[in-house]
Visitor: 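I have a structure I would like to understand better, so I am pasting it below and will then ask my questions one at a time.
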Amino acid sequence: MNPRKRIQNLISEAVSRAVSEGLLPPVEVGDIEMERPKRREHGDWSTNIAMAVAGRVGKKPREVAEAVLGCIQDDPGLLSGVEIAGPGFINFHLSPATLRNVLLEVGRKGPMYGSSNTGKGRKVQVEFVSANPVGPLHVGHGRWAAFGDTLANVMAHCGYDVEREFYINDYGTQIRNFGKSISARYLELLGQQVEFPEGGYAGHYVTEIARRIVAEHGDEFKSVSEEDRVTRFVEMEYPRMLESIRETLVKMSVDFDAWFSERELYDRGEVSETLDELKGDGYAYEKEGALWLRTSSFGDEKDRVLVRSNEEPTYFASDIAYHHDKIRRGFEILIDVWGADHHGYVPRMKAAMAAMGYDPECLVVVLGQLVKLFRSGEPVIMSKRTGEIVTLDELLEEVGVDAARYFFLQRSHDSPLEFDIELAKKESPENPVYYVQYAHARICSILNYSGISESDISDPKGVDLELLGEEAEFELLRKISELEEVVEYSAQKYVPHRLTGYAEELASLFHAFYRDCRVVTDDEGLTRARLFLVSCARRVLAVVLGLLGVTAPEKM
RNA sequence: GCCCCCGUAGCUCAACAGGAUAGAGCAACUGCCUUCUAAGCAGUAGGUUGCAGGUUCGAGUCCUGCCGGGGGUGCCA
């Protein structure tokens with residue numbers, strides 16, 4: 001049992017003892033809230049239970065705290081002190097032995113350190129990126145790639161059964177516009193005057209595609225109908241585009257478990273099947289020649305169209321069928337990562353879940369804000385209209401995957417990200433990626449210098465942990481002990497960026513330790529104890545960097 | 001108009017389900033390499049958390065109103 005739970009038990013036992021001794025009136029305390037105090041002198045763990053309960057028992061918070069404190073019977077060896085502070089907090093200080101024991105857990109769990117079973121094997125699907133296969137990924141996609149992948153890592157570490165999925169919008173207007181755009185460029189290259197299609201893709205890559213078609217097929221498609229030419233180009237080119245997207249994602253170290261095609265959803269009849277079910281349940285109805293879903297009965301502002309009067313299903317219709325399919329595949333939690341510009345879509349999708357008879361809560365939509373690119377403080381001008389964008393490939397080429405992923409994961413998903421390309425490239429202290437990686441490399445260097453192999457060090461039997469007694473050592477131990485909470489919080493709140501903060505704190509405490517404590521000395525016992533400590537710190541850094549998808553270099 | 005997100009140090013951002021004296025990094029200034037990586041460390045300075053109310057033992061965090069920025073509000077995706 002971890003110290004947090006042991007302390008919670010001490011408190012609840014103390015409360016019942018205080019009640020039976022008549023110091024407190026009978027009171028239901030429920031879950032005992034535990035927090036990490038911000039200030040060191042407030043101990044390792046703190047509870048506000050006295051303040052929370054004070055009103056209900058008609059006593060002052062400090063009186064309640066004293067009653068509880070008086071009834072606490074220490075779990076032997078766990079604590080070195082308990083006291084009441086401030087308005088009525090009860091603060092707990094872990095004993096040195098408890099802190100040192102965290103190293104044994106790191107040694108035991110290795111790469112699984114920080115993992116837990118809070119997810120209880122629940123099936124989770126994280127769907128992210130899901131870019132239309134009509135152009136290269138841009139830097140915004142890069143942010144969602146890093147976010148989704150790390151969120152999946154973090155949830156897996158918490159004991160969820162996680163799958164990563166990419167939804168391919170290979171049906172409908174967008175893919176058609178892609179074909180039309182290629183067609184227009186193709187005809188231009190063959191010397192015809194054509195108007196560029198409305199909603200077409202103006203990027204230079206489209207012209208490159210057309211040029212390649214001309215080179216390979218000449219004017220073969222010049223005389224066929226526009227309709228046929230567009231269809232032909234779509235069939236020829238979207239699989240290639242999808243393949244290049246896949247390659248870019250591989251460079252981002254993102255590996256999807258599933259690629260789900262919208263077109264196949266139609267081909268299997270799942271869209272019409274879903275619509276029939278909704279009609280059968282009375283949630284879909286005809287009006288003005290279109291089919292509508294009664295989303296307003298489930299909290300949406302108004303009803304939404306499923307099938308237009310021209311018989312074309314909307315994107316919404318296939319999206320419902322898609323989510324229906326996800327549930328039928330057994331996923332209990334569906335996480336959709338969408339751009340913030342889709343936020344108006346959330347209530348209707350939740351409503352659709354409810355209409356299908358599912359709990360809307362099982363759908364979690366994470367909305368992400370934009371990435372603004374900078375170069376040495378100057379904004380990089382991009383225009384969607386003219387197609388002048390910086391692609392994810394170009395960014396990766398320039399800054400590398402480690403810096404890219406780290407930068408994407410530094411900020412909360414709901415605030416816009418400023419990404420400075422020059423800063424990401426800099427191998428200097430301004431760049432936090434290197435700060436963290438440097439701590440890892442520095443430890444490797446110490447281990448190497450010691451001449452003792454790490455596998456030898458990690459056997460705690462030959463180590464006397466009691467030799468660890470410096471404040472800098474305890475600080476490091478405390479931070480190491482926090483990983484599980486950080487990982488759990490990141491998973492529960494869908495905030496994987498917390499990990500970058502943790503990594504920097506851990507690195508910083510290691511660097512401070514390095515200043516205060518020399519590891520390799522003539523004192524063999526102390527050397528072994530400290531080698532064990534830094535080896536554990538290294539492994540924890542490696543775990544965190546691994547979750548972030550960033551490499552942990554041995555040398556820099 | 002209505003809905004959603006954001007507003008915290010000069011800049012970029014943290015702040016765990018409301019907690020104790022709001023924290024980092026960068027930029028600025030001052031020190032520290034004959035000893036395991038100076039891509040490092042230590043220190044100084046920097047704030048009425050956009051504004052005004054409210055809720056309570058306690059508010060950056062919750063509620064109301066206002067100001068400012070972004071997004072949405074389609075038989076588009």
Side-chain angles (χ1 to χ4, degrees), chain A residues 31 33 35-39 41-42 46-48 50-52 54-55 60-62 85-89 91 132 169 172-175 177 199 287-292 301-302 304-316 319 339-347 367 369-370 374 377 410-412 414-420 423 426-439 441-450 482 485-486 488-490 492-493 495 497-498 500-501 504-505 507-508 510-521 527 530-531 534 555-556:
Chain A
D31 277 352
E33 255 181 67
E35 68 182 41
R36 293 277 191 180
K38 286 182 194 139
R39 306 183 69 80
E41 60 267 31
H42 295 143
S46 176
T47 182
N48 64 354
M51 280 116 73
K60 288 181 184 158
R62 286 194 74 109
F89 290 102
N91 295 334
N132 293 331
N169 294 121
T173 320
Q174 299 305 318
I175 197 92
N177 286 343
K287 191 180 91 181
E288 295 161 3
L291 184 70
W292 297 69
E301 288 176 347
K302 56 179 204 174
R304 307 291 174 174
V305 171
L306 293 166
V307 182
R308 293 166 221 166
S309 47
N310 69 2
E311 317 257 299
E312 278 282 316
T314 58
Y315 183 82
F316 184 42
D319 233 10
D341 55 342
H342 286 62
H343 77 82
Y345 203 76
V346 178
L367 297 172
Q369 295 286 341
L370 306 172
F374 288 77
Q410 260 193 302
R411 305 283 174 244
S412 162
D414 57 15
S415 69
L417 176 74
E418 297 202 356
F419 192 123
D420 194 306
L423 175 59
K426 258 190 205 162
E427 297 188 1
S428 73
E430 300 146 77
N431 191 337
V433 196
Y434 297 117
Y435 181 81
V436 176
Q437 289 185 319
Y438 180 65
R442 216 177 192 187
I443 295 173
C444 290
S445 171
I446 295 171
L447 294 170
N448 195 39
Y449 177 86
S450 76
E482 285 173 22
E485 296 146 51
V486 173
E488 274 183 23
Y489 187 79
S490 307
Q492 272 167 31
K493 293 284 175 183
V495 286
H497 73 286
R498 283 304 186 82
T500 55
E504 284 161 46
E505 287 160 14
S508 166
F510 165 72
H511 289 309
F513 158 85
Y514 181 87
R515 176 201 66 230
D516 291 345
C517 305
R518 193 175 162 88
V519 177
V520 181
T521 61
T527 298
R530 286 186 172 162
L531 283 172
V534 296
K555 269 191 191 151
M556 286 174 74

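The sequence lines fix the lettering, A, B, ..., with proteins before strands; numbering per chain opens at 1.
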Visitor: Ignoring hydrogens and angles, does a donor from either the side chain of E35(A) or the base of A17(B) sit under 3.5 Å from an acceptor on the other?
Guide: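 Flag unset: no donor-acceptor pair detected.
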
Visitor: When you check the phosphate oxygens OP1 and OP2 of A15(B), does a side-chain N or O of R498(A) lie under 4.0 Å from one of them?
Guide: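 Checking A15(B) against R498(A), a side-chain N or O does come within under 4.0 Å of OP1 or OP2.
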
Visitor: Dot-bracket for RNA chain B, 5' to 3', counting Watson-Crick or G-U wobble pairs under 3.5 Å, with [ ] for crossing pairs and | for inter-strand pairs?
Guide: (((((((..((((.....[...)))).(((((.......))))).....(((((..]....))))))))))))....

Visitor: Judged by each residue's nearest nucleotide on RNA chain B, which is more toward the 5′ side, N48(A) or T521(A)?
Guide: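 Of the two residues, N48(A) wins.
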
Visitor: Below 3.5 Å is the cut-off: list the nitrogen or oxygen pairs between protein and nucleotides 2-5 of chain B, distance only.
Guide:
from	atom 1	to	atom 2	distance (Å)
C5(B)	O2'	D414(A)	O	3.4

Visitor: Side chain of P37(A): nearest nucleotide among A42(B), A20(B), C16(B)?
Guide: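 The nucleotide sitting nearest to the side chain is A20(B).
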
Visitor: Ignoring the backbone of I446(A), work out which of A20(B), U37(B), C13(B) is nearest its side chain.
Guide: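 Out of A20(B), U37(B), C13(B), the nucleotide with an atom closest to I446(A)'s side chain is U37(B).
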
Visitor: Going by modelled atom types, is there a donor-acceptor pair between the base of A14(B) and the side chain of S412(A) at under 3.5 Å?
Guide: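 Such a pair does not exist between side chain and base.
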
Visitor: For the side chain of N91(A), counting heavy atoms from C-beta on, which of C36(B), G40(B), A20(B) is nearest?
Guide: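 Closest nucleotide to the N91(A) side chain: A20(B).
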
Visitor: Which atom pairs link the protein and nucleotides 75-77 of chain B when you take only N or O atoms and keep those under 3.5 Å?
Guide:
from	atom 1	to	atom 2	distance (Å)
C75(B)	O2	S309(A)	N	2.8
C75(B)	O2	S309(A)	OG	3.1
C75(B)	N3	S309(A)	OG	3.3
C75(B)	N4	E288(A)	O	3.0
C76(B)	OP2	R308(A)	NE	3.1
C76(B)	OP2	R308(A)	NH1	3.3
C76(B)	O3'	R308(A)	NH2	3.4
A77(B)	OP1	R308(A)	NH2	2.3
A77(B)	OP2	Y315(A)	N	3.3

Visitor: Of the options A42(B), A20(B), A14(B), whose atoms approach the side-chain atoms of H497(A) most closely?
Guide: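 Of the candidates, A14(B) comes closest.
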
Visitor: Once the angle between the rings of F510(A) and Y514(A) is folded into 0 to 90°, is it parallel (under 30°), tilted (30 to 60°) or perpendicular (over 60°)?
Guide: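 Correct class here is tilted.
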
Visitor: Can you see if the side chain of Y514(A) gets near the phosphate of U35(B) - specifically, an N or O under 4.0 Å from OP1 or OP2?
Guide: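 Answer is no, no contact under 4.0 Å.
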
Visitor: May F89(A) be described as stacking on the base of A20(B), applying a 5.5 Å centroid limit and a 30° limit on plane angle?
Guide: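 By the stated criterion, F89(A) and A20(B) stack.
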
Visitor: Taking the side chain as every heavy atom from C-beta outward, state whether Y434(A) and M556(A) have any atom pair closer than 4.5 Å.
Guide: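 In short, these two side chains touch, coming nearer than 4.5 Å.
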
Visitor: Return yes when atom CD of E311(A) has more than 12 non-hydrogen atoms of other residues, nucleotides or ligands closer than 6.0 Å, and no otherwise.
Guide: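 No, the 6.0 Å shell around CD holds no more than 12 heavy atoms from other groups.
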
Visitor: With a 4.0 Å cut-off on heavy atoms, is Q492(A) in touch with a base, just the backbone sugar-phosphate, or nothing at all?
Guide: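 Answer is base: heavy atoms of Q492(A) come under 4.0 Å of a base.
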
Visitor: If you compare every side-chain N and O of R515(A) against the phosphate oxygens of A42(B) (OP1, OP2), does one of them come in below 4.0 Å?
Guide: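 Checking A42(B) against R515(A), a side-chain N or O does come within under 4.0 Å of OP1 or OP2.
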
Visitor: Mind checking if P416(A) touches a base, just sugar-phosphate, or nothing, with heavy atoms under 4.0 Å?
Guide: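 The residue P416(A) makes sugar-phosphate contact but no base contact.
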
Visitor: CD of E35(A): more than 12 outside heavy atoms within 6.0 angstrom?
Guide: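 Counting neighbours around CD of E35(A), more than 12 heavy atoms of other residues, nucleotides or ligands fall under 6.0 Å, so yes.
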
Visitor: Which residue lies toward the 5' end of RNA chain B, C517(A) or A512(A), if each is placed at its nearest nucleotide?
Guide: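 Taking each residue's closest nucleotide, the earlier one in sequence belongs to C517(A).
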
Visitor: Does K38(A) put a side-chain nitrogen or oxygen below 4.0 Å from OP1 or OP2 of A15(B)?
Guide: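 Answer is no, no contact under 4.0 Å.
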
